[in-house]
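What follows is a single structure, written as structure tokens, with notes after it.
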Amino acid sequence: MIFVTGDTHGMQDIIKIKQACENNILSEHDYIIIAGDFGGIWDKSTFFQNLSFYSRLKCTILFVDGNHENFDELNNFPVETWKGGKVHRITMNLIHLIRGEIYDIDGISILAIGGAESTDKIYRVPRISWWEEESISEADIASALSNLKIRKNNVDYIITHTCAEKHINKCMRERRPDHYSQNSEKMLNTINLICNYKKWFFGHWHLDMDVSDKVRAIYNDIIRI
């Protein structure tokens, strides 16, 4: 089984993962995908405490990066190939899905693109609590387009942290106005225009709602795909 959920912010919003594991009989063959702002690799003083929780789970936890990640620490992990795409393997059952990569998991293809801009970055400290790498770059999109071309622009699912600019207005009706269209959302418009997909899940906005029949904002919900 493959489940998708929203931001966990380290241990702050971890209760949904606990509930998913308690309510479902999950094995080493099952997966939970976190749609960005994983936040478990943030501070060395809490790193092992955070990861000890995941090490006790039988299932595999996958995550795209969000805007609240320590990219210096995250990018220090070795890159390997897993399920057809590049990943950072944190532990045996905790894996970071690298931007622009496509993974084939039990016959299901998933395009992963993390990243977004922090609306509170003016209050954060560069390379201490904010990293420029949080934004989706042209290189990230180029990688995604290259991988999509091989598959004739078809995937089953897209997992991102934020949404494409096309869908931002509906999110803004539900959220405060400081969530406005920024670079990362514009970058994702390109993917939305050329990619054929069954469903697109994104976090970031702290919403659980259908933006369209194919696009879903996710935060506390746990959805099986």
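Computed over heavy atoms, backbone and side chain alike; hydrogens, waters and symmetry mates excluded. No experiment lies behind these values; they were computed from the predicted model shown.
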Using 0.5 Å steps for rounding, measure from the [atom1] atom of [X] to the [atom2] atom of [Y].
| X | Y | atom1 | atom2 | result |
| --- | --- | --- | --- | --- |
| M187 | S137 | CE | OG | 6.5 Å |
| C21 | K18 | SG | NZ | 10.5 Å |
| T162 | W205 | OG1 | CH2 | 6.0 Å |
| N183 | L188 | CG | CG | 9.5 Å |
| T60 | L94 | OG1 | CG | 9.0 Å |
| F63 | D7 | CZ | CG | 12.5 Å |

Please report whether the ring centroid of H161 lies less than 6.0 Å from that of H68. no
Report yes if the distance between the aromatic ring centroids of Y54 and F38 is under 6.0 Å, otherwise no. yes
Side-chain contact test, heavy atoms from C-beta onward, threshold under 4.5 Å: evaluate it for [X] versus [Y] and give yes or no.
| X | Y | result |
| --- | --- | --- |
| I98 | V79 | yes |
| L62 | I32 | no |
| I113 | I191 | yes |
| S129 | Y123 | no |
| F201 | I158 | no |
| I90 | I95 | no |
| Y197 | D156 | no |
| C163 | V211 | no |

What residues, two or more places apart in sequence or in another chain, satisfy side-chain contact (heavy atoms from CB on, under 4.5 Å) together with [X]?
| X | value |
| --- | --- |
| D30 | M1, L26, S27, C59 |
| Q19 | I15, N23 |
| I194 | L145, L148, N153 |
| N154 | K152, N196 |

Heavy-atom pair with the smallest gap, counting every atom of [X] and [Y]:
| X | Y | result |
| --- | --- | --- |
| G40 | F47 | O-CD1, 4.1 Å |
| K16 | T5 | CD-OG1, 3.5 Å |
| I14 | F53 | CG1-CE2, 3.5 Å |
| F202 | A35 | C-CB, 4.2 Å |
| V155 | C195 | CG2-SG, 3.6 Å |
| L111 | A144 | CD1-CB, 4.2 Å |

Quick one: ring pair (Phe, Tyr, Trp, His ring centres under 6.0 Å) partners of [X], sequence neighbours excluded?
| X | result |
| --- | --- |
| W130 | none |
| H88 | H96 |
| F3 | none |

Among residues two or more places apart or on two chains, list those pairs meeting side-chain hydrogen bond (donor to acceptor under 3.5 Å, both in side chains) that have a residue in residues 74-83. E80-R89
When clusters are formed by joining ILVMFWY residues with side-chain heavy atoms under 4.5 Å apart, either directly or through shared neighbours, do [X] and [Y] land in the same one?
| X | Y | answer |
| --- | --- | --- |
| L97 | I141 | no |
| L74 | V125 | no |
| I136 | I102 | yes |
| I34 | I159 | no |
| I122 | W131 | no |

With a 6.0 Å cut-off (strictly less than), is the heavy-atom count around [atom1] of [X], excluding the residue itself, greater than 12?
| X | atom1 | answer |
| --- | --- | --- |
| L193 | CG | yes |
| K199 | NZ | yes |
| K198 | NZ | no |

Do the side chain of [X] and the main chain of [Y] share a donor and acceptor less than 3.5 angstrom apart?
| X | Y | value |
| --- | --- | --- |
| Y103 | A112 | no |
| E69 | G66 | yes |
| N67 | G115 | no |

Salt bridge (charged side-chain N to carboxylate O under 4.0 Å, His left out): pairs with one or both residues in residues 32-42, sequence neighbours excluded: none
Quick note, salt bridge (charged side-chain N to carboxylate O under 4.0 Å, His left out) partners involving residues 96-118, not counting sequence neighbours, are D65-R99, R99-D140, D104-R151
Let me check something: any side-chain donor-acceptor pairs from residues 217-225 under 3.5 Å, sequence neighbours excluded? List them with distances.
residue	atom	partner	partner atom	Å
Y219	OH	D13	OD2	2.9
D221	OD2	R216	NH2	2.8

Are N93 and T91 close enough, and set up right, to give a side chain to side chain donor-acceptor pair (under 3.5 Å), and what steps lead you there? CA-CA 5 Å; N93 71 328; T91 65; 3.2 Å; yes
For the residue pair S52 and N50, confirm or rule out a side-chain donor-acceptor distance under 3.5 Å. no
Of all residues at least two apart in sequence or in a different chain, which pass the salt bridge (charged side-chain N to carboxylate O under 4.0 Å, His left out) check with E28? none
